[in-house]
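Data block below; observations after.
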Amino acid sequence: MAGTITKRGAKHKTTPKTGAPHTSKKEANPMWGGQFASGPAEIMATINASIAFDKKLYAQDIGGSLAHCAMLAHCGILTRKEAAAITQGLKKIKQEIESGHFTFKESLEDIHMNIESRLAELIGDVAGKLHTARSRNDQVALDFRLFVRDALEKIDVQLQALQASLLARAEQYAVSIMPGFTHLQTAQPVTLGHHLMAYVEMFGRDRARVQSLRERMNESPLGSAALAGTSFPIDRVMTAKLLGFAHPMANSLDGVSDRDFALEFLSIASISAVHLSRLAEEFIIWSSAPFNFITLSDLYTSGSSIMPQKRNPDAAELVRGKTGRINGSLMALLMTMKGLPLAYNKDMQEDKEPVFDAFAQWQMVLSAMTGMIQDFTPNVKRMHALAAEGYSTATDLADWLVRTLKMPFRNAHHATAKIVKKAADKKCLLPDLALADMQSVEPRITKAVYGVLTVEQSVASRTSFGGTAPVRVKEAIKAAKAKYL
Ligand code: ARG
């Protein structure tokens with residue numbers, strides 16, 4: 001064990017990570033005030049600091065501070081002059097960060113204290129007045145909420161672009177017939193357009209979840225202060241409005257300790273990733289040589305270093321693979337939140353990385369999938385030919401017996417099974433089976449039965465709402481365009 005003196009009776013005298021003595025040569029964090037004589041142990045500084053990842057929140061942090069400062073001035077808690085100095089300083093810091101001239105310090109722990117400390121360097125003591133009636137607890141809750149709100153808006157745009165690509169391809173292949181599967185066994189013929197439209201619906205539900213979370217989470221924690229609110233005469237409605245929130249959160253304890261919005265974000269990401277993964281899986285199967293339903297171009301595939309014939313669907317595999325990682329982020333944050341007493345606990349600093357990572361991965365898989373949808377070439381002839389195999393119109397035959405001969409469906413099912421067996425014995429498809437062979441099973445069958453046995457006839461007949469008939473698919477595309485684009 002690194003840093004442990006193992007001799008019996010000896011104490012841990014060194015930090016586990018570096019072997020450095022437990023005492024600290026560092027100065028105490030000036031933000032803490034006089035209570036701390038020494039700085040943290042090296043490992044304490046490392047485990048405690050979040051700046052490496054929460055610097056991503058600089059714009060939200062400065063935006064929140066600007067609103068807080070304006071409100072403090074409006075309520076007479078700061079003078080106009082003080083507020084002006086703070087505002088100018090904050091804007092300068094934003095420029096410094098964006099131009100790469102800001103030095104982030106781990107010793108200042110997080111983005112909030114890095115910015116406040118720099119503000120003091122720029123404008124002096126008055127910087128300290130910004131934190132009046134505020135705590136890092138409501139500050140971080142606010143920053144993170146603003147980040148997630150923005151992320152939801154970006155994701156919605158990407159989901160819409162994915163839907164647009166699916167719709168364009170669905171339109172192109174609204175009448176192209178392919179096998180529909182259950183249990184990955186040929187079931188009934190469908191159209192490729194119909195199949196793609198199923199995903200338009202799934203991503204539509206993802207978007208509905210995104211939009212509903214956007215609305216539900218749009219309330220401001222700012223002004224909850226450390227946990228109990230503040231004795232200063234602040235105006236929480238004003239800061240809420242300035243930051244685009246519908247209203248302030250009703251309970252200050254909840255305000256600083258709620259991370260539902262992050263959990264919901266991750267669960268929506270997880271469900272959406274599962275949708276993407278299912279589509280990716282279909283592309284992987286469809287592009288395999290035995291299926292040969294589609295070809296993915298050079299843009300989204302890779303070759304093998306040993307097998308020259310291979311074209312591997314790597315992008316689709318990674319869309320499928322990253323689903324595990326995104327769902328893992330949801331699990332991570334659920335476990336972090338479980339059992340936390342009210343209100344803020346430092347455990348909650350662990351909320352950001354899973355969300356940042358899941359967001360980045362979600363964006364990436366959405367882009368990759370949108371690209372593949374635009375890119376793939378279906379092997380329309382082969383899909384059509386395979387749709388006719390496996391007696392995929394057997395249900396149409398059974399339905400004909402029910403409709404024309406008024407047979408109970410169960411009896412029709414059994415008769416059809418016998419006819420299918422006959423066709424299999426003769427090694428032919430149902431439309432090619434002689435009438436006499438069918439009549440040997442059910443004498444009342446007439447040649448009119450040949451009106452329902454081809455895949456074209458089958459697909460065209462499924463005109464129920466939501467069905468695969470090209471007329472319905474074209475209507476569905478039109479409706480989805482109006483609803484989603
Ligand atoms: N870095 C902290 C976080 O990300 C900010 C809030 C810290 N609050 C505190 N009282 N230590 O959660």
Side-chain angles (χ1 to χ4, degrees), residues 26 28-36 39-41 43-65 67-68 90 93 97 102-119 128 130-151 217 220-230 239 243 249 252-263 265-266 329 332-359:
K26 284 186 197 148
N29 185 335
M31 310 296 281
W32 300 143
Q35 210 207 130
F36 287 80
I43 187 61
M44 168 59 182
T46 308
I47 195 174
N48 201 34
S50 54
I51 188 62
F53 50 87
D54 68 15
K55 61 181 169 199
K56 209 190 246 308
L57 297 175
Y58 79 88
Q60 289 82 358
D61 198 71
I62 291 173
S65 288
H68 182 64
L90 287 170
I93 292 172
I97 295 176
F102 188 94
T103 318
F104 293 101
K105 295 189 191 128
E106 193 194 68
S107 58
L108 289 166
E109 202 182 313
D110 58 25
I111 186 65
H112 325 295
M113 291 195 289
N114 267 272
I115 288 176
E116 194 185 320
S117 159
R118 177 69 185 139
L119 188 63
L130 173 60
H131 217 49
T132 313
R134 187 176 75 169
S135 152
R136 277 189 299 150
N137 298 348
D138 59 342
Q139 196 176 354
V140 74
L142 170 69
D143 294 1
F144 199 27
R145 226 168 240 270
L146 289 171
F147 179 89
V148 169
R149 193 176 72 181
D150 186 51
M217 68 163 294
S220 170
L222 190 59
S224 299
L227 73 163
T230 174
T239 44
L243 294 164
M249 291 179 77
S252 62
L253 291 166
D254 184 49
V256 290
S257 63
D258 167 50
R259 293 294 183 273
D260 288 2
F261 62 96
L263 290 171
F265 178 84
L266 290 171
S329 290
L333 188 55
L334 281 169
M335 291 308 108
T336 296
M337 294 306 294
K338 168 190 172 297
L340 290 189
L342 296 185
Y344 178 83
N345 299 272
K346 195 63 174 252
D347 315 45
M348 289 160 72
Q349 183 164 286
E350 291 292 311
D351 58 1
K352 289 164 210 66
E353 285 166 294
V355 168
F356 292 164
D357 186 66
F359 175 43

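Note that ligands are numbered from 1 as they come in the structure, with each ligand's atoms numbered from 1 the same way.
Both tests hold for K55 against F104: distance to the six-membered ring centre under 6.0 Å, angle to the ring axis within 45°. Figure legend: cation-pi geometry between K56 and F147 absent, as NZ or CZ is not positioned both under 6.0 Å from the six-membered ring centre and within 45° of its axis.
Of the candidates R136, K346, Q349, it is Q349 that places a heavy atom closest to atom 1 (N) of ligand 1.
Inter-residue side-chain proximity for L57 and F356 is flagged as met; some heavy-atom pair is nearer than 4.5 Å.
Of the protein's heavy atoms, N137 OD1, 3.0 Å lies nearest to atom 10 (N) of ligand 1. Counting only heavy atoms of the protein, atom 6 (C) of ligand 1 lies nearest to Y344 OH, 3.5 Å.
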Practice task
Go through the steps for R136 and E109 under the test salt bridge (charged side-chain N to carboxylate O under 4.0 Å, His left out), then give the verdict.
Solution key: CA-CA 12 Å; R136 277 189 299 150; E109 202 182 313; 3.3 Å; yes
Handout entry: Test side-chain contact (heavy atoms from CB on, under 4.5 Å) applied to L119 and I93, step by step
Key = CA-CA 7 Å; L119 188 63; I93 292 172; 3.9 Å; yes
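Of all atoms in ligand 1, listed by their number and element, those nearer than 4.0 Å to a heavy atom of S50 are 1 (N). Below 4.0 Å from some heavy atom of D110 lie the following atoms of ligand 1, by number and element: 1 (N), 2 (C), 5 (C). If you number the atoms of ligand 1 from 1 as listed, the ones under 4.0 Å from a heavy atom of K352 come out as 3 (C), 4 (O), 12 (O).
Using 4.0 Å as the threshold, H112 has a heavy atom nearer than that to some atom of ligand 1.
Residues passing the salt bridge (charged side-chain N to carboxylate O under 4.0 Å, His left out) test with K105, sequence neighbours excluded: E121.
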